[in-house]
Amino acid sequence: MTPLAAFSAVHATLSDLLRVHAPQATLLASLGDEVLRVRADAAAVSVGPDLVPPDEWFDRGEMTWLTRDGSLLGLLWAESGVIPEAAVQVLTMLLAAARVDGTNRETEVLVTQLPVATAWLTSELAFRKVSRPFLELFGLSEAQVVGHGVQEVFAGRPAFLEVLSQAGAGRSVRLPDEQVRRAGGLVWVRGEARPYYGGPWRASC
């Protein structure tokens, strides 16, 4: 994946995480040589090279610094209400993983901690890491998934596998809607696949 494609994937992930953890918050995130302004309800916007909060962030609301090993990665601000600690932790983890000197280990930990059903696939469409909600959604164990190919885990779903193979070729795609049986009965699942860090697939219902 090119650096541009990787950064584009990070932009989308930051918005998704804000939507789940802190939908009313605004994030200033340092990525490469640019600083992004990110909200859950809008596309990420570049605001220049310097991580400087607007004056109104000092006048009202709550501002939290996102740091790792002494480096400032971002600033998270909400005009009203307390910023959840889960938002601080998961956004810090993603920004640390997205740094040029970040490690795959950081990204693997991030995927396992996401609050939505998420799978990180290799370029050969084998499962590398999955989140706990993913396993719960499909009634699978980690041993049944990690290290196995999608064609093995989801045999009998040809339309699903065909679309997922398109994502493996580097395209963002919508997965076919399907029903999954859970404790309370059948639920509809609508998922998508994007080329993040070598091809994760995130599904939500």
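No path of Ile, Leu, Val, Met, Phe, Trp and Tyr side chains, each step under 4.5 Å between heavy atoms, connects Leu27 with Val45, placing them in separate hydrophobic clusters. In this structure, Phe58 is not a member of the same hydrophobic cluster as Val52, with clusters built from ILVMFWY side-chain heavy atoms closer than 4.5 Å.
Glu124 is linked by a side-chain hydrogen bond (donor to acceptor under 3.5 Å, both in side chains) to Thr122, counting only residues two or more places apart in sequence or in another chain. With sequence neighbours left out, the side-chain hydrogen bond (donor to acceptor under 3.5 Å, both in side chains) criterion links Glu152 to His148. Checked against side chain to side chain contact (heavy atoms under 4.5 Å, CB included), Gln24 has no partners two or more places apart in sequence or in another chain. With sequence neighbours left out, the side chain to side chain contact (heavy atoms under 4.5 Å, CB included) criterion links Ala25 to Leu18, Ala22, Leu76, Ala78. Applying the side-chain hydrogen bond (donor to acceptor under 3.5 Å, both in side chains) criterion to Ser141, with sequence neighbours excluded, gives Gln144.
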Discussion item. Under the criterion side-chain contact (heavy atoms from CB on, under 4.5 Å), I'd like the reasoning laid out for Leu14 against Leu31: C-alpha separation, chi angles, the key distance, then a yes or no.
Written reply: CA-CA 11 Å; Leu14 289 170; Leu31 284 173; 4.2 Å; yes
Worksheet item: Checking side-chain contact (heavy atoms from CB on, under 4.5 Å) for the pair Arg128/Val146: CA distance, chi angles, key distance, verdict?
Response: CA-CA 6 Å; Arg128 181 166 179 171; Val146 175; over 6 Å; no
Practice prompt. Could you give me the CA-CA distance, side-chain angles and deciding distance for Leu75 and Trp65, then say whether side-chain contact (heavy atoms from CB on, under 4.5 Å) is met?
Written response: CA-CA 5 Å; Leu75 297 168; Trp65 293 36; 3.7 Å; yes
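Annotation: the span from Phe154 atom CZ to Phe127 atom CZ amounts to 4.5 Å, rounded to 0.5 Å. Rounding to the nearest 0.5 Å gives a distance of 4.5 Å between CG of Leu72 and CG of Leu51. In this structure, CZ on Arg132 lies 6.5 Å from CD on Glu136, to the nearest 0.5 angstrom. Here the OG-CG distance, from Ser71 to Leu95, works out to 12.0 Å after rounding to the nearest 0.5 Å. Atom CG of Leu66 is separated from atom CD of Gln89 by 11.0 Å, given to the nearest 0.5 angstrom. Separation of atoms CE (Met63) and CD1 (Ile83) is listed at 9.5 Å; rounding is to 0.5 Å.
Inter-residue side-chain proximity for Thr92 and Thr67 is flagged as unmet; no heavy-atom pair is nearer than 4.5 Å. Annotation: side chain of Val82 is in contact with side chain of Glu62 (closest heavy-atom distance under 4.5 Å). Using a 4.5 Å cut-off on side-chain heavy atoms (C-beta onward), Leu73 and Ser30 make no contact. When side chains are defined from C-beta on, Val150 counts as touching Leu161, because their heavy atoms get closer than 4.5 Å.
A donor-acceptor contact shorter than 3.5 Å is absent between the side chain of Trp77 and the backbone of Leu28. In terms of modelled atom types and a separation under 3.5 Å, the side chain of Ser131 and the main chain of Thr118 share a donor-acceptor contact.
Sorted by first and then second residue, the pairs that involve residues 35-59 and meet side-chain hydrogen bond (donor to acceptor under 3.5 Å, both in side chains), not counting sequence neighbours, are Thr26-Arg39, Glu34-Ser46, Arg39-Asp41.
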